[in-house]
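Atom set for the values below is all heavy atoms of this structure, side chains included, hydrogens, waters and symmetry mates excluded. Within every chain, numbering begins at 1; the chains are lettered A, B, ... in the order of the sequence lines, protein sequences first and strands thereafter.
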Number of protein chains: 4
Amino acid sequence: MAEKKRERRDPEQRRAEILAAAFACFAERGFAATRMEDVAARAGIAKGTVYLHFPDKERLFIELVSGVASPILGEVGGMVQKETIPARTAVSMFYALFKREVLETERRHLLRLILAEGPMFPVVTEFYYREIITKGVAIVRVLLARAAARGELRNPAVVDVPQLVMAPALMSIIWTTLFEGYEHLDTQKLFDTFLDTLFVPEGGAI
Amino acid sequence: MAEKKRERRDPEQRRAEILAAAFACFAERGFAATRMEDVAARAGIAKGTVYLHFPDKERLFIELVSGVASPILGEVGGMVQKETIPARTAVSMFYALFKREVLETERRHLLRLILAEGPMFPVVTEFYYREIITKGVAIVRVLLARAAARGELRNPAVVDVPQLVMAPALMSIIWTTLFEGYEHLDTQKLFDTFLDTLFVPEGGAI
Amino acid sequence: MAEKKRERRDPEQRRAEILAAAFACFAERGFAATRMEDVAARAGIAKGTVYLHFPDKERLFIELVSGVASPILGEVGGMVQKETIPARTAVSMFYALFKREVLETERRHLLRLILAEGPMFPVVTEFYYREIITKGVAIVRVLLARAAARGELRNPAVVDVPQLVMAPALMSIIWTTLFEGYEHLDTQKLFDTFLDTLFVPEGGAI
Amino acid sequence: MAEKKRERRDPEQRRAEILAAAFACFAERGFAATRMEDVAARAGIAKGTVYLHFPDKERLFIELVSGVASPILGEVGGMVQKETIPARTAVSMFYALFKREVLETERRHLLRLILAEGPMFPVVTEFYYREIITKGVAIVRVLLARAAARGELRNPAVVDVPQLVMAPALMSIIWTTLFEGYEHLDTQKLFDTFLDTLFVPEGGAI
DNA sequence: AATGAATGAGGATTCATTCAT
DNA sequence: GATGAATGAATCCTCATTCAT
């Protein structure tokens, strides 16, 4: 039997541990199927301890889901700043960032969580729309507008549906989450192919 | 006092009613948060009656999720047959079918369900991969190969990642499911713009 | 082991059984210390069954406490009707009724319950004031006024504090509840002595 | 940041503070519904500190309830000494003392506590019977016997049920506790009226 | 076949108590 | 001594499932 150590710890750190454990659990089984005891066990603490940091399961979930995405946002924001780089490079960097920070991380389960629990947690959906989507779409729109102005787009109409740029990222997440076990999807190729489709070749056609 | 109606009914029809009710419930709240009583109530029958048709909640879910997608598949399959029509038209027809049969139907919640409950029901995921994805990808691949051969694609490399063609459809579902309440997405434009990006203009100028 | 029989039963009867069991439990240990399982066990049913009849513990308690007193009230009311009988006889009959229907019944624990849980259940207190106390006081006041008019009272001022008439009844309950085990209180004598103190002797000598 | 005050304090005083806080809490919500943390908070100390002074919740309760009543007892005892004063005066003084020291104090909740928790804490009930009731009844009996001998009582039989004298006090507490918010009871009048009923008028009729 | 009352395992939450700091 | 984070037993309540009618 492992010793129960009553390990006291810095509250901020403990909180973070719980959030990490909770994220793993929720991502694995969804909100309803996750037991608070699972979360506690995963965090290596007792059931009751979770409640010292979060008032109830719902709040734990909400704070969790709200907190996971925020950090990435900053980096993305910086991307639009540099006007000099070609739009394709910028979008490419975005995909790379997405791969590194989401797709190849536990965060890849985030979409599933939000999608799955959205109807039960409108607050979360609203948060994501307001904090992430809105900003993301805005950034992409600027990027595309700039690209269109420079003649970098094969089809300038894309500017009006910036969501299209996100579509391959969505696909990558969903495929990875659901079907990677059955058939591998080369996400890099997915992104690159889409970029090649979206933007005129660098060399500049005749 | 209202009479207790013990409406006896054709088993097959009853079964279908239960499945419909179950789909509505599961789509709305997910597997765990749906109570068998909800399903029964929605089907207008008593709790116990559900168990006369399905052995338990899990089986109800699995049979349900497996049954919803199948009907569409046939139509899609027919599409690849007609070699004469241009690939763009075929893909366009696919998007139209998708819109009509999925996006604008209750079936649009299917993705959410599969994504959400996937980890808990590998059988379902496996079923979808085997029955739907595999076939869908194969069809698209044929379509794209044919298009590439005819020079209809701006970027022939797309043939290697047929999933790209599905990406806008995914985006449309997810946006509709999550954010339509906050901001409208013109899915037709999304699809058309993507088509315009994917395929060379019809006029096929130099 | 007694067989678990899944005994189905008339809802009204079941409800009554639960209320009886609940009353016994609450009276014995108070609201907080009573477990719903205790109530169920005492009623000879399963935990969950209680919840088919009462939405939660609080409601069970409230409905219970509200329902216990009502039946007695009717009888008391009838008492004031007969103008012909002497007030002393009427009050004496009231004490007798009180003894028979409250003091020597499980209902004797009611005061304890109300007093104990009053602050936690203002609804209950309000109910008792409105439904029982108000009416009781009114009846006694009429009785005393009549008695005063007829010169039956040693001290007519009693009319202004009808609560005084209830005081011996309270004492009897409290003594019985708390100290009867240590020392017997002859409640009949308590009542009779009070009556002899309150009313002038019948013979009404000079 | 406010400094953590580790106010060390005279143990006896600390103990008293805890008892006071505990009394307030228990009186307000009863034993079960009072959390040790409430008590600690009310005493302005940390949860753990309570346990430095009392081994557990039960003991805290018992010591508390046992300690509250004792002080009054002395005064009451003195009352019987003075043989010279009329019994009515003595009883009147007792009511006055009761009003001042119990009814108009937080101690008025004591009865509720004892009554409510009696069945769970026989020790407490026994203590009250032994230490308070026995002595109180004895005193009243002596007073009444003396009064009877002097012809001060309208009904000498009262000597045999000295509890009758306590009844108005009980009524005053219970009414005050439960119904004062709905309807005021003039306790002074209640006591005075009872005294007028119990004792022959001072002037001494022919 | 259909019903819905009954069951009881399961999970969220609370809180008395302990103990490392 | 004092603190309050940590623990886990205890309890409310839900809901999948059963079964007598």
Sorted by number, the residues of residues 15-36 of chain C with heavy-atom contact under 4.0 Å to DNA chain F
C/T34, C/R35, C/M36
Anything under 3.5 Å between a donor and an acceptor, one on a side chain of residues 60-67 of chain B, the other on a protein residue two or more places apart or in another chain? List them.
{"residue": "B/E63", "atom": "OE1", "partner": "B/R15", "partner atom": "NH2", "Å": "2.5"}
{"residue": "B/S66", "atom": "OG", "partner": "B/I62", "partner atom": "O", "Å": "2.7"}

Candidate pair B/K57 and B/V50, rule side chain to side chain contact (heavy atoms under 4.5 Å, CB included), full reasoning:
CA-CA 9 Å; B/K57 198 183 172 188; B/V50 179; over 6 Å; no
Could you tell me how far apart A/R14 (CZ) and F/dA6 (C1') are, to the nearest whole angstrom?
8 Å
In residues 37-63 of chain D, which residues come under 4.0 Å of DNA chain F by heavy atom?
D/I45, D/A46, D/K47, D/G48, D/T49, D/L52, D/H53
With a 4.5 Å limit on heavy-atom distance, are the side chains of B/R107 and B/V68 in contact?
yes
For the side chain of C/R112 and the backbone of D/L115, is there at least one donor-acceptor N/O pair under 3.5 Å apart?
yes
In residues 21-34 of chain C, what donor-acceptor pairs under 3.5 Å come from side-chain atoms, sequence neighbours left out?
{"residue": "C/E28", "atom": "OE2", "partner": "C/R42", "partner atom": "NH2", "Å": "3.4"}
{"residue": "C/T34", "atom": "OG1", "partner": "C/C25", "partner atom": "O", "Å": "3.2"}
{"residue": "C/T34", "atom": "OG1", "partner": "C/G30", "partner atom": "O", "Å": "2.7"}

Using the C1' atoms of five pairs at each end, what's the angle between the two axes of the helix from E/dA2-F/dT21 to E/dT21-F/dA2, to 10 degrees?
0°
In Å, rounded to the nearest 0.5 Å, how long is the span from OG1 of B/T49 to CZ of B/R14?
6.5 Å
Spell out, as yes or no, whether a donor-acceptor pair under 3.5 Å connects the side chain of B/R108 to the backbone of B/T105.
yes
Salt bridge (Lys or Arg N to Asp or Glu O under 4.0 Å) against C/R9, all qualifying residues, sequence neighbours excluded:
C/E7, C/E17
May I have the distance from A/R8 (atom CZ) to E/dT18 (atom C1'), rounded to whole angstrom?
11 Å
Whether D/D38 and D/R35 form a salt bridge (side-chain N of Lys/Arg under 4.0 Å from carboxylate O of Asp/Glu) is what I want to check.
yes
Could you tell me if the side chain of B/F121 sits less than 4.5 Å from the side chain of B/L113, heavy atoms only?
no
